[in-house]
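Just so it is clear: chains get the letters A, B, ... in the order the sequence lines come, proteins before strands, and each one is counted from 1. Only heavy atoms go into these numbers, but all of them, side chains included; no hydrogens, no water, no symmetry mates. Keep in mind that what you see is a predicted model, and the values were worked out from it rather than measured.
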Amino acid sequence: MAEPSPAPPNFIRDIIAEDVKSSQHGGRVQTRFPPEPNGYLHIGHAKAICLDFGLADEFGGHTNLRFDDTNPEKEDVEYVESIKADVQWLGFQWDGLFYASDYFDQLYEWAIKLIKEGKAYVDDLSAEEIRQHRGTLTQPGKESPYRNRSVEENLNLFERMRTGEFPDGSRVLRAKIDMASPNLNMRDPVMYRILHAEHHRTGNKWCIYPMYDFAHGQSDSLEKITHSMCTLEFADHQPLYNWFIEQLGIFPSRQIEFDRLSLTYTMMSKRKLRLLVEEGRVKGWDDPRMPTLSGMRRRGYTPEAIRNFVTAAGVSRTNGIVELAMLEHFVREDLNKRALRVMAVLKPLKVIIDNYPENKVEEMDAVNNPEDASAGTRKVPFSRVLYIEQDDFREDPPKGYFRLSPGREVRLRYGYFITAKSVVKNDRGEVVEVHCTYDPATRGGNAPDGRKVKSTIHWVSVAHAVDAEVRIYETLFSKENPDEVGPGQDFTANLNPNSLEVIANAKIEPSLAKAAVGSRYQFERLGYFCVDPDSKPGKAVFSRTVALKDTWAKVEKKQGGSS
RNA sequence: UGGGCCGUCGACUAAUGGUAGGUCAAGUGCCUUUGGAGCACUUUGUCUAGGUUCGAAUCCUAGCGGCCCAGCCA
């Protein structure tokens with residue numbers, strides 16, 4: 001397993017360190033991770049989770065998991081359960097588990113307090129009228145005609161909003177701040193709206209629900225959150241966040257914004273990810289091509305790899321896009337240390353060793369993990385007829401090709417040196433069999449005479465091979481930025497038509513027949529693979545997590561491009 | 001001629017007025033029973049123009065460029 005990378009310095013840690021040093025809140029550090037349960041967590045959330053939990057942990061603090069469930073129309077228990085599972089899978093355990101809906105009573109009392117102080121009012125304007133009164137980015141807004149109602153009338157109306165007398169959209173409660181503010185969030189923001197909707201936790205107790213802005217800061221405050229991290233787009237909300245806390249005179253949580261994590265060849269928009277799921281462009285939220293934590297888990301990514309990646313990517317306020325290659329590096333780095341090596345042939349080509357006895361079977365010793373001696377060894381059956389990878393034989397080898405070709409000797413990993421002698425072709429002229437001879441003195445792959453061979457290739461005995469389905473994934477989108485589209489197109493135009501390749505009859509070594517769902521292996525020379533839940537007894541299904549770095553592919557590509 | 005945030009190698013990120021460093025990517029070499037892994041080395045950067053200062057990536061001003069904001073979403 002990869003060592004946890006030391007976290008590089010960042011501005012949020014600096015802020016917290018300073019606060020601790022100057023004994024703000026007695027040096028106490030309390031954070032929270034506040035997802036809305038309206039979708040599955042993705043790698044962008046992993047960054048927030050690592051920050052919220054990681055920084056609190058560094059300073060001996062605590063972290064709450066709080067569901068920001070103020071919009072019953074979009075939320076569901078399915079999502080809260082998946083979020084809990086994903087946070088734990090990532091390796092974190094919350095101290096307190098809360099819901100914004102836990103605070104609905106308190107929030108309601110605070111709204112009344114603001115009404116009594118003349119700082120909030122019930123507005124009868126329609127949504128459309130409110131929008132028109134708000135003004136524009138460059139022009140100030142206009143005050144609502146209902147802005148100066150009496151406290152008594154506001155109290156009366158707000159109470160009747162709560163008891164369900166009015167239909168959805170007919171009235172809202174607004175904070176009385178400043179319709180001319182250059183910050184649109186301060187132009188009398190809506191605090192409560194009427195929503196006759198059943199909430200996944202409070203049922204039908206409420207028909208008015210607080211807006212994010214009237215819930216988040218106070219929730220932080222109630223939990224005595226000292227450092228409230230959120231993404232950059234909320235920076236404009238900070239004055240409002242502070243305004244409510246100040247007006248209410250409650251615990252002064254501090255909001256700190258950081259940049260979202262963006263990755264090339266994918267996207268983090270929950271709305272768009274949901275669309276992919278609903279339109280069947282992927283198989284579900286946990287499709288291995290999705291940037292969701294459940295998708296990555298199914299694909300074989302490890303929590304350690306994701307955490308190391310997120311840490312290495314760092315945190316700032318710059319709106320960057322991290323290359324997918326960086327994520328893949330951390331996945332390989334971790335899997336290299338923990339994955340057991342096995343041999344599997346994806347595109348089989350028969351090799352017949354003409355001078356090897358017809359019915360002989362030898363059990364060859366193979367190392368399970370060269371990075372970890374404690375992983376031990378296993379026996380792999382060897383016989384006269386084998387499968388090798390089609391790519392590992394060329395009748396007419398290009399320059400720089402080291403693998404099997406007529407007259408050339410290569411090593412079969414943990415087997416023997418073999419030399420290709422002749423080929424058998426089908427009607428279409430394709431090579432379907434390669435006839436070879438082997439050198440009995442090279443058993444196990446060692447040449448007693450010190451003879452060197454330029455290549456070692458993997459193989460599976462035909463008589464012992466087990467069939468398996470292997471799914472090869474490419475990026476879900478073919479553009480680094482999927483949102484870069486032509487006129488009249490949307491991001492689905494950039495979906496990669498080749499993002500999934502199914503190999504129905506790969507040949508795997510017999511030790512793999514009993515592989516457990518979720519277990520991860522390195523198929524030697526090919527990549528890392530994970531046993532998919534779609535596996536059935538007798539037919540394992542593997543997902544390729546990530547390919548190994550392929551130097552030959554790079555050389556070949558370069559030669560092809562230059563000639 | 002609204003407000004806010006932000007510009008450092010190809011990507012991400014450090015340097016807190018004093019040596020522009022790290023990771024990924026790319027390249028070169030070594031090694032190798034995975035063309036894997038590993039090891040060593042190398043290339044490329046402070047948006048521009050002024051200013052302050054003994055000294056500026058850092059502070060100031062202007063310009064240029066990017067992102068966010070006009071939900072009764074979060």
Side-chain angles (χ1 to χ4, degrees), chain A residues 5 8-11 14 34-36 38 68-71 73-75 123 125-127 130-132 134-141 168-174 181-187 190-195 208-209 211-213 215-216 230-239 257 259-261 264 270-271 309 312-330 332-333 336-337 341 343 366-367 370-371 400-403 411-415 444-447 453-458 480 522-527 548-555:
Chain A
S5 348
N10 68 60
F11 74 99
D14 292 346
E36 184 189 12
N38 68 342
D68 230 327
D69 57 349
T70 54
N71 185 358
E73 292 182 322
K74 291 186 175 175
E75 298 154 6
D123 196 342
L125 255 25
S126 69
I130 286 180
R131 190 178 67 73
Q132 284 166 357
R134 188 153 31 227
T136 69
L137 294 177
T138 53
Q139 293 168 321
D168 288 5
S170 57
R171 274 175 244 261
V172 291
L173 183 71
R174 292 230 254 172
S181 172
N183 182 345
L184 304 227
N185 293 118
M186 300 300 272
R187 317 239 268 227
V190 172
M191 295 161 59
Y192 270 92
R193 76 283 212 187
I194 300 172
L195 238 38
I208 57 171
Y209 290 92
M211 298 287 290
Y212 166 86
D213 284 308
H216 201 95
C230 64
T231 44
L232 243 23
E233 68 270 25
F234 291 102
D236 287 340
H237 294 246
Q238 198 184 315
E257 309 90 10
D259 60 346
R260 282 176 176 275
L261 172 66
T264 54
K270 262 195 223 176
R271 201 198 99 238
F309 162 70
V315 54
S316 68
R317 296 172 66 97
T318 52
N319 281 129
I321 303 171
V322 181
E323 290 174 350
L324 215 219
M326 189 161 169
L327 206 209
E328 294 186 332
H329 161 81
F330 284 97
R332 288 193 192 96
E333 180 188 65
N336 175 47
K337 297 192 174 89
R341 271 60 169 176
M343 291 198 284
V367 174
E371 302 289 322
Y401 186 84
F402 300 153
R403 284 112 94 151
R411 173 168 37 232
L412 293 173
R413 174 143 244 226
Y414 304 124
N446 301 297
V453 100
K454 285 206 110 173
S455 176
T456 299
I457 64 177
H458 58 96
E480 282 200 11
Q522 184 194 100
F523 290 0
E524 296 225 26
R525 301 208 303 135
L526 297 176
L548 249 27
K549 285 205 245 176
D550 187 344
T551 308
W552 167 244
K554 208 180 283 180
V555 170

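For rG71(B), the base has no donor-acceptor partner in the side chain of Arg193(A) [N/O atoms by modelled type, under 3.5 angstrom]. A donor and an acceptor atom sit less than 3.5 Å apart, one in the side chain of Asp236(A) and one in the base of rG3(B).
Looking at heavy-atom distances under 4.0 Å, Val190(A) makes contact with sugar-phosphate atoms alone, never a base. Nucleic acid contact class of Ile457(A) (heavy atoms, under 4.0 Å, all strands): none. Residue contacts for Tyr209(A): at a heavy-atom cut-off of 4.0 Å it reaches no nucleic acid atom on any strand shown. Nucleic acid contact for Gly400(A): base, since at least one base atom lies under 4.0 Å from a heavy atom of the residue.
When side chains are defined from C-beta on, Glu233(A) counts as touching Arg260(A), because their heavy atoms get closer than 4.5 Å. Side-chain contact between Met211(A) and Val172(A): absent, with no pair of heavy atoms (C-beta onward) separated by less than 4.5 Å. Taking the side chain as every heavy atom from C-beta outward, Arg317(A) and Leu232(A) approach each other to under 4.5 Å.
Atoms CZ (Arg317(A)) and P (rU58(B)) sit 19 Å apart, rounded to a whole Å. The distance between atom CD of Gln238(A) and atom C1' of rG3(B), rounded to the nearest whole Å, is 15 Å. One can place CE of Met211(A) at 6 Å from C1' of rC72(B), the figure rounded to the nearest angstrom. A straight line from CG of Leu261(A) to P of rU13(B) spans 10 Å, rounded to a whole angstrom. The separation between Asn185(A) atom CG and rG2(B) atom C1' is 14 Å, rounded to whole Å. Rounding to whole angstrom units, NE2 of residue His329(A) and P of rA37(B) are separated by 10 Å. Protein atom CG of Asn336(A) is 7 Å distant from nucleotide atom P of rA37(B), rounded to whole Å. Between Glu36(A) atom CD and rC73(B) atom C1' the separation is 7 Å, expressed in whole Å.
Here, rC64(B) and rG27(B) have their C1' atoms 34 Å apart, quoted to the whole Å. The gap from the C1' atom of rA26(B) to that of rC60(B) amounts to 39 Å, rounded to the nearest Å. Comparing the same atom, P, in rU44(B) and in rG21(B) gives a spacing of 12 Å after rounding to whole Å. The C1' atoms of rU58(B) and rU16(B) are separated by 8 Å, rounded to the nearest whole Å. Rounded to whole Å, the P atom of rG10(B) lies 23 Å from the corresponding atom of rC6(B). Taking atom C1' in both rC31(B) and rC41(B), one finds a spacing of 15 Å when rounded to whole Å. Here the separation of rG2(B) from rA56(B), taken at their P atoms, is 34 Å to the nearest Å. For rA15(B) and rA57(B), the P atoms lie 15 Å apart once the distance is rounded to whole Å.
Counting only heavy atoms from C-beta on, Arg131(A) has its side chain closest to rA70(B) among rA70(B), rU13(B), rC68(B). Distances from the side chain of Glu233(A) to the nucleotides rG2(B), rG36(B), rA74(B) place rA74(B) closest. For His237(A), the side-chain atoms get nearest to rA74(B) when compared with the rest of rG35(B), rA74(B), rG2(B). Checking rC72(B), rG2(B), rU34(B) against every side-chain atom of Arg134(A), the shortest atom distance belongs to rC72(B). Side-chain proximity of Asn71(A) to rA70(B), rA74(B), rC5(B): nearest is rA74(B).
A salt bridge is defined here as a Lys NZ or Arg NE, NH1 or NH2 lying under 4.0 Å from an Asp or Glu carboxylate O, and Lys74(A) with Glu36(A) fails to meet this definition.
The CD1 atom of Ile457(A) lies 6.5 Å from the CZ atom of Arg525(A); values are rounded to the nearest 0.5 Å. For the atom pair CG (Asp68(A)) and CD (Glu75(A)), the distance works out to 8.0 Å, reported to the nearest 0.5 Å. Taking CG of Asp213(A) as the start and OG1 of Thr70(A) as the end, the distance is 9.5 Å to the nearest 0.5 Å. With rounding to the nearest 0.5 Å, the separation of CD1 in Ile130(A) from CZ in Arg174(A) is 4.5 Å.
Here Trp552(A) packs flat against the base of rG35(B); its ring centre is closer than 5.5 angstrom to the base's six-membered ring, tilted by less than 30 degrees.
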- Query: Stepwise, does the side-chain contact (heavy atoms from CB on, under 4.5 Å) test hold for Val322(A) with Leu327(A)?
  - Reply: CA-CA 8 Å; Val322(A) 181; Leu327(A) 206 209; over 6 Å; no
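Glycosidic conformation at rG4(B) (O4'-C1'-N9-C4 for purines, O4'-C1'-N1-C2 for pyrimidines): anti, more than 90° from 0.
Considering only residues two or more places apart in sequence or on other chains, Lys270(A) meets the side chain to side chain donor-acceptor pair (under 3.5 Å) condition with Asn38(A).
The nearest heavy atom of RNA chain B to Lys554(A) and to Tyr401(A) marks one nucleotide each, and the one closer to the 5' end goes with Lys554(A).
For Thr318(A) and rU13(B), the shortest distance from a side-chain N or O to OP1 or OP2 is below 4.0 Å.
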- Query: Based on Watson-Crick and G-U pairs with both distances under 3.5 Å, what dot-bracket line describes RNA chain B 5' to 3', crossing pairs as [ ] and inter-strand pairs as |?
  - Reply: .((((((..((((....[..)))).(((((.......)))))....(((((..]....))))))))))).....
